[in-house]
Novice: 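Attaching a single structure in C-alpha cells format; questions to follow.
Naming convention: chains lettered A, B, ... in sequence-line order (proteins, then strands); numbering from 1 in each chain.
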Amino acid sequence: MTVQGAVLRALRKPRGSARQGFGTTSRRDNWVVFPVVQALVFTLCAGYLTFSGIFWEPILPTGYRWDGYLSPLFSPLIVWKDMPTWLSPGLLILWIPIGFRATCYYYRKAYYRFYFADPPGCAVGEPTMHRRFALENALPFVLQNLHRYLLYLAFIPLTFLWLDIIPAFIAPAGEAGVTDPGLRIGIGGLLFLVNVTLLTGYSLSCHSLRHLVGGRIDCFSCTRARRVRYTLWQRLTDLNRSHMWWAWASLITVTLADIYVRLLVLGVITDQAIHFNL
Amino acid sequence: MIETRPPAEVPARAEALPGAAIDEARASSVAKLRVFRGEPGTPSRYDEFDVPVEEGMVVLDALHWIQGNGAPDLAVRWNCKAAKCGSCGAEVNGRPSLTCKTRLSDFDLDEPITVEPMRTFPLVRDLVTDVSWNYEVNRSIEPFSPPADVPQSDWRWQQEDIERVQEFRKCIECFLCQDVCHVLRNHETERPFMGPRFLVRAAGLEMHPIDQADRRPYLKDVGGVGYCNITKCCTEVCPEHIKITDNAIIPLKERVADEFYDPIQWAWRKLRGRSDSAPDRRSLPVLQAGRQAEPSIEPTPERLARAVGEDSPVAEPMHAAAPTTSTPAAEPTPAAERTDAGKVAKAARATAGPRAKRARRRPDTGDETPSEG
Amino acid sequence: MVGGKLLNNARMAELHAREAPDRVRELEAWGAVFDRTRDGRILQRPFGGHSHPRLAHVGDRTGLEMIRTLQDRAVAAGVDVFMECTITRLITGADGVVGAFGYWRTTGGPVVFPAKTVVLATGGIGKAYTVTSNSWEYSGDGHALAYSVGADLIDMEFVQFHPTGMVWPPGVRGLLVTEAVRGEGGILRNKDGERFMSRYLPEDRRGEYASTDEEAARWVTAQSEGRVTDARRPPELSTRDNVSRAIYTEVREGRGSPHGGVFLDISYLPPEHVRRKLPSMYDQFKELADVDITTGPMEVGPTTHYVMGGVRVDAETGASTVPGLYAAGEVAGGMHGANRLGGNSLSDLLVFGQRTGAAAAAAATSVAGWKKAPYLDPVQVRDAGRELSAPLEQGSGEDPYALQRDLQDVMQRLVGIFRVEADLQEATSELSRLKARWPAVGVRGGRTFNPGWNLVFELRNLLVVSEAITRSALQRTESRGAHSRIDHPETDQAGWGGRNSVVRRRPDGSMEVTTTALPEMSDELRLLLGGAH
Ligand SMILES: Cc1cc2nc3c(=O)[nH]c(=O)nc-3n(C[C@H](O)[C@H](O)[C@H](O)COP(=O)(O)OP(=O)(O)OC[C@H]3O[C@@H](n4cnc5c(N)ncnc54)[C@H](O)[C@@H]3O)c2cc1C
Ligand code: FES
C-alpha cells in the first residue's frame with residue numbers, strides 16, 4: 001500500500017466503543033476532586049491578580065507601593081503625567097505574564113482539563129459539543145504556538161523584579177530608629193526574593209526555552225558549540241521536570257507578594273524587619 | 001569436559017521440586033471480577049466471577065483462572081506476562097493498564113473489579129480489540145533516512161546523541177496511550193491524527209542524529225500534532241514510563257512552530273536562503289577528515305587461542321566499560337573510592353566478611369505494599 | 001563450539017561468527033540505536049563464556065530494539081504481514097511442501113497460503129513445562145509441523161534450563177531473572193545462608209573460580225570499574241547447566257528458600273548502582289513481587305528457557321530435509337549443540353534468518369512460471385479444515401486446559417533437569433496416554449478469538465515435541481551440556497561425541513528415534529579447535 005493510501009486509512013479514526021458524553025467513565029477513583037481543587041485555587045489566584053493589577057487602582061486608588069516594596073504586578077512601573085485614571089499601570093505589564101502563562105504548556109494541560117473539560121479527566125467522557133473542536137490546529141488555540149515570544153517578553157519584567165529586590169532591602173531614611181538608609185531584612189523583602197526566585201525557576205523551566213537552547217539540535221556532540229548547548233539543555237531539562245511545581249509555587253507567591261504590599265498600604269499589617277545601620 | 005555433578009547418591013527417580021503448581025488452598029481471599037463479554041453485533045454484558053486471590057496476583061492471572069475455571073472461551077490477548085510485549089492492555093476500573101502488571105492487591109477487594117477492552121479500538125471479542133489502525137498510521141511515517149553519500153563505516157555518534165531516541169524506542173506498542181487519548185477516543189477530527197504512540201515514533205526519527213528527512217510538514221498537516229492539547233493522559237498510562245508529552249510531543253510541537261509559526265525564524269530563513277543541497281559533512285555525526293579511524297579489533301591469534309582455551313561458557317558481567325576500542329582499560333584511580341565503583345568495592349569487600357553468612361528473608365507481608373498506580 | 005560441547009553444526013557456527021557483524025550493521029542502517037562507545041562506535045559487551053566482548057546491545061532490551069527495527073524496515077519495504085494467523089497444517093505435493101493451512105485468530109475463519117517455499121520461524125517449546133520463561137506461543141508449532149511432513153528433528157533432548165527464574169509469587173513463576181544479575185556480583189545462598197555454588201564446581205574447573213569470598217569480591221569490584229584483575233570469577237558464574245543443577249539439588253535436599261528456590265542477593269551493592277545496571281530487574285521485582293532487590297535477596301529457581309534442538313537444516317540455506325520447507329531461529333537445530341551461550345540466539349536469528357529467507361526466495365523464484373500458485377491437494381485442505389472444526393463440534397469433551405496441565409506436569413516432573421531411565425520410561429507411557437486423550441478434546445464458544453480452541457492445536461504440537469524430547473533423552477545414555485542423566489553422569493565422548501539424535505515420523509505415523517553422525521568440520525576449524533580438543 002502506498003503512503004497516501006495509509007494516510008487515507010489513518011484518517012478514518014478507529015471506531016471504538018467508548019461511551020460518549022460528559023463524565024461517562026468506568027473509573028472508580030475520585031477523579032473529580034483533583035481538577036475541581038485545581039480550578040478553585042487557580043481561579044482564586046488568577047481572579048485576584050487580574051483584579052488587583054487591572055481594576056483595583058482605577059476603581060479604588062489605594063496604592064501598590066510601600067517603602068521600597070513595589071507590588072510585582074506593577075514592575076517595571078510605567079506612569080506618566082496625564083495617564084488616564086482608568087488605566088492601571090499594572091495593565092501595561094500584566095499582559096505579558098498573563099500571556100506567558102496562558103500559553104504555557106503546563107497551564108494548558110491544567111486549564112484544558114478543568115475549564116474546558118477537554119477532557120475532564122483521563123478516560124472520562126467529555127461534553128459531546130466539543131467533539132469537533134480543532135483544538136490547537138485552528139484559531140484561537142493555534143496561537144499557543146507563539147509561546148516562545150511571550151517567553152522572550154517575560155524576561156523583561158523578570159529582570160525588573162530582580163532589580164526591585166535592591167530597594168526592598170534598603171530601609172528608607174526616617175523610619176523609626178533609622179538615621180541613614182541601611183540594610184533592612186523584612187518579611188516583604190524575603191517574600192520578594194522567594195517570589196522572584198520561583199518566577200525565574202518557572203521561566204527557565206519553560207518547554208520552549210528548553211527547545212530553543214538545545215532541543216532543536218539532533219546531534220549534540222557534533223560541534224563544540226552544540227556540546228555547550230547540550231550541557232545547558234540538560235540543566236534546563238532538570239528544571240523542566242518540575243515545571244508544574246514552579247508554575248504553582250510562583251503563582252501563589254506572586255499573589256502573596258501583592259497581597260502583602262496591599263495590606264501594608266492599607267495599614268492592616270506592619271512589616272516585620274530587622275534593620276542594620278550601615 | 002562436561003560439568004556435571006549429580007546429587008550425592010544416585011536416586012532411581014529425579015524428584016520434582018515442590019510448589020510448582022498454583023495452590024488454590026493458599027488463596028487468602030476472593031476478588032469479584034466484572035468482565036466485559038461481547039462481540040460486535042450482539043448485546044454486550046458483564047460476567048461476574050469470584051476468583052481466589054493469591055499473593056502477588058495480577059489481573060491477567062485472574063483472567064487466566066477464569067479461562068481455566070468456567071469460561072474457557074474468554075478472549076484475552078496476552079503473550080509475555082512480564083510487561084514486555086504490550087499485548088494485554090485493557091481498562092481496569094476504567095484505567096487503561098497492562099493487565100499483567102496490575103496487581104489485585106492495588107484494589108479494594110470488597111468492590112468488584114471491572115475489566116473492559118480498550119474502548120478506543122473496535123471490539124473483536126470480550127477483551128480483545130482490533131488495533132490494526134495503528135499499523136496503518138505507522139506506514140504513513142517517512143522511514144529512517146540516513147544521508148546517501150556517507151558510508152556507514154563513517155557514522156560516529158555519542159551516547160548523549162541517542163539518549164532521547166532510546167527513550168522513545170522503549171515503547172512496547174501496547175497502545176494504551178492511543179486508547180486514553182481523548183482526541184482519538186472522544187473527538188471527531190476533520191484531519192487525521194496519529195496519536196501519541198506515533199508522535200513518539202516520529203520524534204525518535206526526527207531526533208535521530210543522522211536522520212535527514214524533514215517530517216515537520218507531515219506532522220503539521222497529516223500527523224495532526226496540533227490536535228494534541230497536551231493533557232498528558234498518555235504519559236500517565238505509559239507502562240514504560242516514557243515522558244511522552246514532555247519529551248516527544250512538546251519538542252515536536254516546538255519544531256513545527258520553528259518551521260511554521262515563528263515569523264522571525266521564517267524571515268531569517270528567507271534572508272539566508274535555505275540550502276536544499278546535501279547537508280554539510282561537518283554538521284553530521286560522521287568521522288571528520290583529519291581524525292583517524294581507530295584501529296578496529298580483529299581477532300588476533302592470541303585472542304583466538306584464548307577463546308578456544310576457555311572452555312567453560314561462563315558469564316562475565318554485561319559490562320559497559322568493556323574495552324571495545326584500543327584505548328587501554330582505565331587504570332584504577334585513587335578517586336575510585338569516591339565514585340560509584342568505589343562504593344561497589346566497599347560493599348563487595350563487606351560481603352567477604354562474617355556478614356556474608358547471613359541469609360535474608362523477604363518479609364511475606366507484601367500485600368499491603370501499594371505498587372504504583 | 002566449545003560452549004555447545006562440540007555437538008554444534010560446525011559450519012553453522014562458522015557462518016554465525018562470520019556474518020553476525022554484517023547483520024548488526026544492517027540493523028543500524030535500518031535505524032537501530034545501539035549503545036555507543038566513547039569514540040562513537042557501537043558498544044559491545046561480553047556475556048557468559050565469551051572471550052571477546054561481542055554483544056552489540058541496547059541497555060537490557062536488545063531484543064525489543066531488533067523487533068522494532070525489523071518492523072519498521074518491513075513496513076518501509078511494504079512487506080505483507082498477516083497478524084494473528086495460526087498455521088495448523090502444512091500442505092504437501094509431489095515435490096515437498098507447497099502451502100500452509102491455518103486460521104485467523106480474530107475471526108476463526110480458515111485460510112490457505114499456496115507457497116513454493118515455507119520458512120518456519122516459530123520459536124521454541126517452553127510451554128511443554130509448567131515453569132518456563134517462555135510465552136504461551138512457545139508451543140513447538142514449527143517443530144511439530146516439520147515433523148508432520150516427515151522432516152528430521154535433531155538434538156531434541158537438549159532443553160536449556162536457565163538457573164534463575166522467579167519462583168514467587170505464583171503468577172510469575174518461571175519469569176526470567178537475567179544472567180546479568182550474577183554477572184554484576186549476585187550471590188547465591190541457600191536457606192542456611194551458605195554460598196553453596198563453590199561446592200558444585202566441577203573438580204577440573206575449580207581453578208578458574210575464586211577460592212574465597214574475598215577474591216570473588218575483588219573480581220566484582222574490578223568488573224564494576226572496567227578493570228583487569230588477577231582475581232578469579234565468583235563461583236556463581238559457572239555454566240547455566242551447572243548452576244541449574246546446583247540450585248535444583250539444594251532445593252531437593254531441603255536447603256531451599258520458603259518458596260522452593262534459593263536466594264540471589266545483590267543488595268550488598270549500593271542501591272543506585274544496582275538500579276543503574278539492572279533497571280528492568282529492579283522494576284520487575286518491585287512491581288511484580290514487592291521485592292526491592294537493592295535491600296533484600298531475590299528468590300530464584302531454574303526455569304525452562306530454550307530448546308537447542310530443532311528442525312535439521314542445511315547450514316548454508318536453512319533448508320530442511322523436506323523440499324520446500326525451511327527453518328530458522330529457535331525452531332532450527334544444530335547451531336547451538338548441547339548448550340547455548342547467552343546472546344547467541346539473537347545473532348543466530350539475524351544470520352540464519354537472512355540466509356534462509358534469501359535461499360527460500362531464490363528457490364521459490366527459480367522455477368519457470370513461478371508466479372503461478374502451486375496446486376494444493378483439496379483432500380489435504382479439506383482434512384485440515386475438518387481437524388480445525390472438530391473440537392468446536394465436539395463441544396463439551398476433554399478440557400484442553402486440564403490436558404495442558406497434565407502434560408506440563410509430566411514433563412516438569414519426569415523430563416526436567418535431571419533425567420533417569422525410569423522417569424523417562426514413565427513419561428513415555430504417560431505421554432501416550434495423554435495423546436490418546438487428545439482427540440476427545442472439545443471446546444465451548446465460537447470461532448472468534450477463542451483461546452481454548454487455539455490451545456487444542458498447541459496441545460497437539462506439544463504432545464509431539466514432548467515425545468521427541470523424552471525419547472531422545474532416553475536414547476542418549478550420557479550427560480552432556482543441558483542433558484544430565486543421573487544414571488549416566490559421564491560424558492561419553494567416544495560413544496556419543498560425534499552423534500546427533502534424530503527424530504522423524506515414519507510413514508505409518510509412529511515416531512522413529514535414531515542418531516546420525518555430526519556433519520563434517522572444515523579443516524580450518526578443526527585446526528582452530530585442535531587446542532581445545
Ligand atoms: C525471557 C527471555 C529472554 C531471552 N533473552 C535472550 C538474550 O538476552 N539473548 C539472546 O540471544 N536470546 C535470548 N532469548 C532467546 C531468544 O529470544 C529466542 O530464542 C528467540 O527470540 C527466538 O526467535 P524466533 O524468531 O526463532 O522465534 P520467536 O521470536 O519466538 O517468534 C516465533 C513467532 O512465530 C509465531 N508462531 C508460532 N507458532 C505459529 C503458528 N502455528 N502459526 C503462525 N505463527 C506462529 C509466533 O506468534 C511468533 O511470532 C530469550 C528468551 C526469553 C524467553
Ligand atoms: S502480557 Fe506482555 S505486556 Fe502484558
Side-chain angles (χ1 to χ4, degrees), chain A residues 1 3-7 9-20 25-29 105 108-109 112-113 118-119 121-126 128 130-138 141-142 145-149 207-208 210-212 215-216 218-223 230 240-241 243, chain B residues 91 93-96 111 114 116-123 129 133 136-137 139-140 157-158 160-161 180 182-194 206-211 222 224 226-233 236-237 246 250-251 253-255 257-258 261-262 283-285:
Chain A
M1 190 177 41
V3 168
Q4 287 78 9
V7 171
R9 291 224 199 167
L11 197 148
R12 279 188 266 121
K13 286 203 342 190
R15 297 170 142 278
S17 59
R19 281 173 297 157
Q20 305 293 341
T25 182
S26 303
R27 281 177 66 167
R28 302 176 70 90
D29 55 333
Y105 284 100
R108 272 145 79 180
K109 165 197 165 172
Y112 282 132
R113 283 201 192 185
D118 200 1
C122 299
V124 177
E126 51 193 48
T128 33
H130 31 79
R131 293 187 60 136
R132 288 179 180 282
F133 276 12
L135 297 155
E136 299 188 351
N137 259 335
F141 292 120
V142 71
N145 284 303
L146 297 178
H147 184 50
R148 56 187 60 184
Y149 284 97
H207 289 84
S208 285
R210 177 178 176 233
H211 167 75
L212 294 162
R216 352 179 15 192
D218 286 344
C219 174
F220 288 133
S221 67
C222 284
T223 64
Y230 171 65
N240 178 263
R241 283 202 195 100
H243 194 50
Chain B
E91 295 180 10
N93 275 358
R95 188 182 195 280
E111 291 185 30
T114 310
E116 294 164 282
M118 293 197 287
R119 293 296 201 168
T120 296
F121 301 112
L123 183 66
T129 51
W133 176 82
E136 304 295 341
V137 178
R139 243 179 254 254
S140 70
W157 54 76
Q158 301 291 318
E160 67 252 32
D161 295 324
V180 83
H182 74 120
V183 181
L184 294 175
R185 195 180 175 97
N186 300 125
H187 278 255
E188 278 170 18
T189 56
E190 229 162 78
R191 288 193 274 158
F193 176 57
M194 65 209 299
E206 282 289 284
M207 295 180 197
H208 192 294
I210 207 163
D211 177 83
V222 185
Y227 277 117
C228 169
N229 65 341
I230 49 176
T231 49
K232 286 204 176 172
C233 290
E236 282 179 28
V237 300
D246 285 327
I250 294 176
K253 275 178 172 271
E254 288 291 322
R255 283 173 183 232
D258 281 347
Y261 302 110
D262 190 328
S283 68
L284 287 176

Novice: So does B:Glu254 get a backbone contact from the side chain of A:Arg148, meaning a donor-acceptor N/O pair under 3.5 Å?
Specialist: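 Yes, A:Arg148 side chain to B:Glu254 backbone: donor-acceptor pair under 3.5 Å.
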Novice: Is a side-chain donor or acceptor of B:His187 paired with a backbone partner of A:Arg131 at a separation under 3.5 angstrom?
Specialist: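 Yes: the side chain of B:His187 pairs with the backbone of A:Arg131.
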Novice: Under 4.5 Å, counting heavy-atom pairs only, tell me which of A:Ser208, A:Ala138, A:Gly121, A:Ala134 racks up the most with chain B.
Specialist: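 Option with the top pair count is A:Ser208.
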Novice: Is A:Arg241 close to chain B through its backbone or its side chain, or both, or neither, when contacts mean heavy atoms under 4.5 Å?
Specialist: neither
Novice: Between chain B and each of A:Arg27, A:Arg132, A:Arg28, count heavy-atom pairs under 4.5 Å; write down the option with the most.
Specialist: A:Arg28
Novice: Is B:Pro122 close to chain A through its backbone or its side chain, or both, or neither, when contacts mean heavy atoms under 4.5 Å?
Specialist: both
Novice: For the candidates A:Asp218, A:Thr128, A:Val142, A:Leu135, which exhibits the highest count of non-hydrogen atom pairs separated by less than 4.5 Å from chain B?
Specialist: A:Asp218
Novice: So for B:Val183, is it side chain, backbone, both, or neither that comes closer than 4.5 Å to the heavy atoms of chain A?
Specialist: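 Backbone plus side chain of B:Val183, per the 4.5 Å heavy-atom cut-off to chain A.
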Novice: Of the backbone (N, CA, C, O) and the side chain (C-beta and beyond), which part of A:Phe133 lies under 4.5 Å from a heavy atom of chain B, both, or neither?
Specialist: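 For A:Phe133, heavy atoms of backbone and side chain both lie under 4.5 Å from chain B.
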Novice: Heavy-atom pairs under 4.5 Å with chain A: which of B:Met118, B:Glu160, B:Glu188 has the most?
Specialist: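 So the answer, after comparing B:Met118, B:Glu160, B:Glu188, is B:Glu188.
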Novice: Without hydrogens or angle criteria, can the side chains of A:His211 and B:Asp258 be said to hold a donor-acceptor pair below 3.5 Å?
Specialist: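 A pair is found: one side chain offers a donor N or O, the other an acceptor, under 3.5 Å apart.
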Novice: Is there a side-chain contact between A:His207 and B:Lys253, using heavy atoms and a 4.5 Å cut-off?
Specialist: no
Novice: Report yes or no: does B:Arg255 contribute a side-chain atom to a donor-acceptor pair with the main-chain N or O of A:Gly215 at less than 3.5 Å?
Specialist: yes
Novice: Please check if the side chain of A:Gln20 supplies one atom and the backbone of B:Arg185 the other of a donor-acceptor pair under 3.5 Å.
Specialist: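 Yes; judged by distance alone, with no hydrogens or angles, the pair exists.
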Novice: Which bit of A:Asp29 is near chain B, if near means a heavy-atom gap under 4.5 Å: side chain, backbone, both or neither?
Specialist: neither
Novice: NE2/B:His208 to SG/A:Cys219 distance, rounded to the nearest 0.5 angstrom?
Specialist: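 Taking NE2 in B:His208 and SG in A:Cys219, the distance rounds to 10.5 Å.
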Novice: Might you point out which heavy atoms bring B:Glu236 and A:Cys122 nearest each other, and give the distance in Å?
Specialist: OE1-SG, 3.4 Å
Novice: Considering only heavy atoms from C-beta outward, does the side chain of A:Pro14 approach that of B:Glu136 to under 4.5 Å?
Specialist: no
Novice: Salt bridge check, A:Arg19 against B:Glu91: does any charged N sit closer than 4.0 Å to a carboxylate O?
Specialist: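 Salt bridge absent between B:Glu91 and A:Arg19.
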Novice: Flag the one option from A:His243, A:Arg216, A:Arg15, A:His147 with the top tally of heavy-atom pairs under 4.5 Å to chain B.
Specialist: A:Arg216
Novice: If every non-hydrogen atom of B:Gly94 is compared with every non-hydrogen atom of A:Ala123, which pair is closest and at what distance?
Specialist: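 In this case the closest contact between B:Gly94 and A:Ala123 is O-CB, 3.5 Å.
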Novice: What distance do B:Thr231 atom OG1 and A:Glu126 atom CD have between them, rounded to the nearest 0.5 Å?
Specialist: 9.0 Å
Novice: Return the NZ to OH distance between B:Lys232 and A:Tyr105, rounded to the nearest 0.5 Å.
Specialist: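 The OH atom of A:Tyr105 is 11.5 Å from NZ of B:Lys232, to the nearest 0.5 Å.
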Novice: Between A:Lys109 and B:Asp246, does any NZ, NE, NH1 or NH2 come within less than 4.0 Å of an OD or OE carboxylate oxygen?
Specialist: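 Result for this pair is no, no salt bridge flagged.
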Novice: Just by modelled atom types, is the A:Asp118 backbone N or O under 3.5 Å from a matching donor or acceptor in the B:Asn229 side chain?
Specialist: yes
Novice: Go through the side-chain N and O atoms of A:Ser26 and B:Glu116 and say whether any donor and acceptor fall under 3.5 Å apart.
Specialist: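 Yes, side-chain donor-acceptor contact under 3.5 Å.
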Novice: Would B:Asp262 and A:Tyr149 count as having a side-chain donor-acceptor pair, cut-off 3.5 Å?
Specialist: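 On atom types as modelled, these side chains qualify, holding a pair under 3.5 Å.
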